[in-house]
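Data block below; observations after.
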Amino acid sequence: MKSPLLSLPGAVPAEGVDEGVAAHYGDLFREQRALADGTGFVDLSHRGVITVTGEDRLSWLHLLLTQHVSELPAGQATEALILSAHGHIEHALYLVDDGTTVWAHVEPGTREALVAYLESMKFFYRVDVADRTADFAVVHLPAGSIAQAPEGVVVRETAYGRDLFLPREDLESFAATHGPAAGLLAHEALRVEQHRPRLGFETDHRTIPHELGWIGTAVHLQKGCYRGQETVARVQNLGKPPRRLVFLHLDGSEVHLPAPGTELRLADEGPDGRKIGFVTTSVRHHELGPVALALVKRNVPADARLLAGETAAAQETVVEP
């Protein structure tokens with residue numbers, strides 16, 4: 001769904017899964033600094049918007065999600081996952097309940113499969129699931145922003161800022177009064193700095209929550225049964241995940257960033273050494289320079305120097321070995 005804000009001056013469209021919104025508006029680092037200072041907004045209108053209504057909505061979602069939501073207070077933001085039977089991550093939901101409706105935004109390209117799964121699990125519960133993407137757009141206000149959300153708009157407030165479920169028809173008028181707009185690349189740079197994983201970027205078909213540090217933030221360890229819980233409990237109580245998320249400081253003398261999927265090797269073994277992981281997201285940060293998130297094998301020493309392709313990289317621990 002193409003955003004009308006792509007008509008703003010300097011807008012350069014994002015590509016791939018983020019197609020439909022602006023990657024930037026002509027000055028990536030200025031946009032990053034604005035967000036870091038708590039000003040401006042990010043157009044995330046390409047994300048899916050799902051609602052769940054009905055008096056059983058919280059108790060029903062509690063049975064399906066990794067998060068404890070049966071008693072979720074109105075207005076309190078949370079995030080949750082849906083796992084496969086083997087404990088692999090299938091969906092990530094960013095939730096808030098407004099007292100009558102649960103609102104969630106999800107990764108672009110995932111809403112249809114998510115709605116189909118939720119519909120298949122309704123059984124006798126008094127719930128209604130709706131895809132509201134055509135009617136509502138997600139807009140992000142950064143942490144520290146003093147901008148006022150429009151009256152009546154559902155807000156999901158976190159330590160990283162506020163997500164607004166804005167009527168899609170109001171996007172242009174919102175932009176006119178809440179600018180400057182910052183592109184998705186600026187938003188992604190701050191996400192990487194904050195070590196926050198993203199479905200489809202830090203995940204593949206076999207990712208489990210422990211590998212990305214989603215235990216605690218998106219997975220509640222003291223709740224009842226849900227699909228994939230056996231894997232979560234087994235890894236938590238009896239072992240360690242096979243991989244772990246790391247933050248990489250990349251050699252700033254390289255012109256090109258290592259692309260997602262770039263293989264990681266130990267620097268001591270050189271570019272022909274054994275593969276020990278791969279880059280998941282790489283960005284240029286306005287203060288830190290070129291940085292990345294990556295998945296490495298759990299037994300890689302935390303102080304080991306790495307190579308991302310031919311680019312030297314120093315790692316910073318996100319998930320403990």
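This chain uses plain numbering: 1 for the first residue, then up along the sequence.
Other members of the cluster containing Tyr160 do not exist, because no ILVMFWY side chain is joined to it at under 4.5 Å. Hydrophobic cluster membership of Leu266, counting Ile, Leu, Val, Met, Phe, Trp and Tyr whose side-chain heavy atoms lie under 4.5 Å apart directly or via other members: Val246, Leu248, Leu250, Leu257, Leu264, Ile276, Val279, Val296, Val300, Leu306.
A distance-only check finds a donor-acceptor pair linking the side chain of Arg298 to the backbone of Pro241 [under 3.5 Å]. Between the Thr203 side chain and the Thr207 main chain, no donor and acceptor come within less than 3.5 Å of each other.
In this view, His249 and Phe247 satisfy the ring-ring contact (aromatic ring centres under 6.0 Å, His included) rule, not counting sequence neighbours. Applying the salt bridge (Lys or Arg N to Asp or Glu O under 4.0 Å) criterion to Glu188, with sequence neighbours excluded, gives Arg191, Arg198. Under the rule for a side chain to side chain donor-acceptor pair (under 3.5 Å), Glu112 has no partner lying at least two apart in sequence or in another chain. Residues passing the salt bridge (Lys or Arg N to Asp or Glu O under 4.0 Å) test with Asp170, sequence neighbours excluded: none.
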Show every donor-acceptor pair shorter than 3.5 Å between a side-chain atom in residues 20-28 and any protein atom, with sequence neighbours excluded, or say none if there are none.
from  : atom 1 : to    : atom 2 : distance (Å)
His24 : ND1    : Gly26 : N      : 3.0
Asp27 : OD1    : Arg30 : N      : 3.1

Report, one line per pair, each donor and acceptor closer than 3.5 Å where one atom sits in a side chain of residues 141-152; sequence neighbours left out.
from   : atom 1 : to     : atom 2 : distance (Å)
Ser145 : OG     : Ala147 : N      : 3.2

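For the residue pair Asp43 and Ser45, a side-chain donor N or O sits within less than 3.5 Å of a side-chain acceptor on the partner.
Checked against Trp214 for a side chain to side chain contact (heavy atoms under 4.5 Å, CB included), the options Val319, Ile208, Leu81, Leu245 give a single hit: Leu81. With His140 as the partner, the ring-ring contact (aromatic ring centres under 6.0 Å, His included) test is satisfied by one option alone out of His105, His187, His178: His187.
Legend: salt bridge (charged side-chain N to carboxylate O under 4.0 Å, His left out) pairs involving residues 92-106, not counting sequence neighbours, sorted by first then second residue: Arg57-Asp97. For the salt bridge (charged side-chain N to carboxylate O under 4.0 Å, His left out) condition, the pairs that include at least one residue of residues 223-241, sequence neighbours left out, are Glu90-Arg227. Residue pairs meeting the side chain to side chain donor-acceptor pair (under 3.5 Å) criterion with at least one member in residues 114-123, sequence neighbours excluded: Glu119-Lys122. Within the structure, no pair that satisfies the salt bridge (charged side-chain N to carboxylate O under 4.0 Å, His left out) test touches residues 300-321, not counting sequence neighbours.
Ring geometry for Trp103 against Phe165 counts as tilted: the plane angle lies between 30° and 60°, on a 0 to 90° scale.
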